[in-house]
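Beneath this line is the structure, given in structure tokens, with notes to follow.
In each ligand, atom 1 is the first atom listed, and ligand 1 is the first ligand listed. The structure presented is a predicted model; accordingly, all values stated were derived computationally and were not measured.
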Amino acid sequence: MSMKKKDIRALTKDQLRSFFEDSGDKAFRGNQVYEWLWSKGAHSFDDMTNISLATRQMLEENFVINHIRVDTMQRSKDGTIKNAVRLHDGLIVESVLIPTPSRTTACVSSQVGCSLDCKFCATARLKRMRNLNPDEIYDQVVAIDKESRLYHNRPLSNIVFMGMGEPLMNYNNVLKAIDKITSPEGLGMSPKRITVSTSGVPKMIKKMADDEVRFKLAVSLHSAIEDVRTSIMPFNENFPLSDLRESLEYWYSKTKSRITYEYVVWDKINDRKEDINALLEFCSYVPCKVNLIEYNPIDDGEFQQASNKAIDQYINVLESNGIVVNVRRSRGKDIDAACGQLANKS
Ligand code: SAH
């Protein structure tokens, strides 16, 4: 039986260079292969036409190139596209392309399933199977970029880590993927156009600040009252709001980058005056804006979107206190591509 071949895209450029040096070739060969793997998106060693046949065979014997495959693509009436993406081991994640007049945004997954237990999210019902590798995250973006050019005649402009999984629970791989996405050898995208969304893992938010990352941060807050938040996001018990607050203050002090709070208003859960006031107070801690997200029902009606009146109250109170509020309408609902609906249904 042959030894299990290694995924060549798990190697950094330096590791590839040393691999070639160690096998008696020039380190520069590593750069050439790296370019094939990342800028040119080669799917097989045979594609690497400026590499000698003998070297290609040697690579073939030692490595595999794992690529994701878009299994099914669904298109919504509103132009949203959802990909079900098959990974090399057969598991599936979903990613979404969201076009608006001014931008096209890729919403990508960071884990297969999710280990968190938000009561209102369909992904939470899939248990976490595994973390995605950097190349699996990167490939989702490349696939969406291709679709954006094909169906909307423009390249991808933004990326949000709001698909399946909790990006900060797969931090190292997310960071490596973002490095590839932003590097000139990858997609050359500006980190300012990338947003990592977290349910709020204080220790990791501080780590990101220490790493001086240049992408944006969004936090799925949904309630600024401890027991309300714990009732809908039970892991909040381990990461209390006071710790979250402290980590966000630290983030801002280091990065000077404004935070976005994502917030759904639900009927009889967080639609009271005191809920609004608690959010208002939370917003005073660090410069921020609030995205009010429309609720996408996932079940039997345990959660229901609050009335327009309640939502208007949120908007009025926040805006009259100088806080920027965006109301985010759902996109791609008809194909289960909206926030919280990703659950590998098909
Ligand atoms: N785990 C990360 C990334 C997932 S982002 C995070 O929690 O931020 C998905 C976003 O959609 C989060 O803001 C989440 O709170 C929100 N969401 C989850 N279920 C939803 C639903 N049914 N309707 C609307 N938004 C939902």
Minimum non-hydrogen distance to atom 24 (C) of ligand 1, winning option of Q111, E294, Q305: E294
Stepwise ring-ring contact (aromatic ring centres under 6.0 Å, His included) test for Y252 and Y285: CA-CA 10 Å; Y252 189 79; Y285 303 151; over 10 Å; no
Sub-4.0 Å heavy-atom contact, G165 with ligand 1: yes
Close approach of M164 to ligand 1, heavy atoms, under 4.0 angstrom: no
Closest protein heavy atom (residue, atom, distance) for atom 7 (O) of ligand 1: S220 OG, 3.3 Å
Y34 and F20 aromatic centres sub-6.0 Å: no
Residues C288, Y261; criterion side-chain contact (heavy atoms from CB on, under 4.5 Å); working and verdict: CA-CA 7 Å; C288 63; Y261 295 126; 3.6 Å; yes
S44-D46 side chain donor-acceptor pair, cut-off 3.5 Å: no
Protein heavy-atom partner closest to atom 23 (N) of ligand 1 - residue, atom, separation in Å: N296 N, 3.0 Å
Which residue and heavy atom of the protein sit nearest atom 21 (C) of ligand 1, plus the separation: C339 O, 3.3 Å
Cationic N near anionic O, under 4.0 Å, D179 to K176: no
Nearest-contact summary for atom 19 (N) of ligand 1 - protein heavy atom, Å: G340 CA, 3.1 Å
For C121, atoms of ligand 1 separated by under 4.0 Å from a heavy atom: 18 (C), 19 (N)
Side-chain (N296) to main-chain (Q341) donor-acceptor, under 3.5 angstrom: no
Heavy atom of the protein closest to atom 10 (C) of ligand 1 (residue, atom name, distance): E262 OE2, 4.0 Å
Atoms of ligand 1 close to H222 [distance to a heavy atom under 4.0 angstrom, numbered from 1]: 14 (C), 15 (O)
Residue, atom name and distance, where the atom is the protein heavy atom closest to atom 9 (C) of ligand 1: M162 O, 3.7 Å
T255 side chain to S257 backbone, donor-acceptor under 3.5 Å: yes
Residue among R9, R69, R130 satisfying salt bridge (charged side-chain N to carboxylate O under 4.0 Å, His left out) with E136: R130
Contact check: E166 vs ligand 1, nitrogen or oxygen atoms, below 3.5 angstrom: yes
Polar atom proximity, F120 to ligand 1 (N or O, under 3.5 Å): yes
Ligand-side contact atoms (ligand 1) for residue partner S199, heavy atom cut-off under 4.0 Å: 6 (C), 7 (O), 8 (O)
Residue pairs fulfilling side-chain hydrogen bond (donor to acceptor under 3.5 Å, both in side chains) with at least one residue in residues 220-230, sequence neighbours excluded: S220-E262, E226-N236, R229-N236, T230-N236
T198, portion touching ligand 1 at heavy-atom distance under 4.0 Å: backbone
Residues T260 and N291: side-chain donor-acceptor under 3.5 angstrom: no
Close approach of Q341 to ligand 1, heavy atoms, under 4.0 angstrom: no
G163 heavy atom under 4.0 Å from ligand 1: yes
Plane angle bin for F120 and F303 - parallel if under 30°, tilted between 30 and 60°, otherwise perpendicular: perpendicular
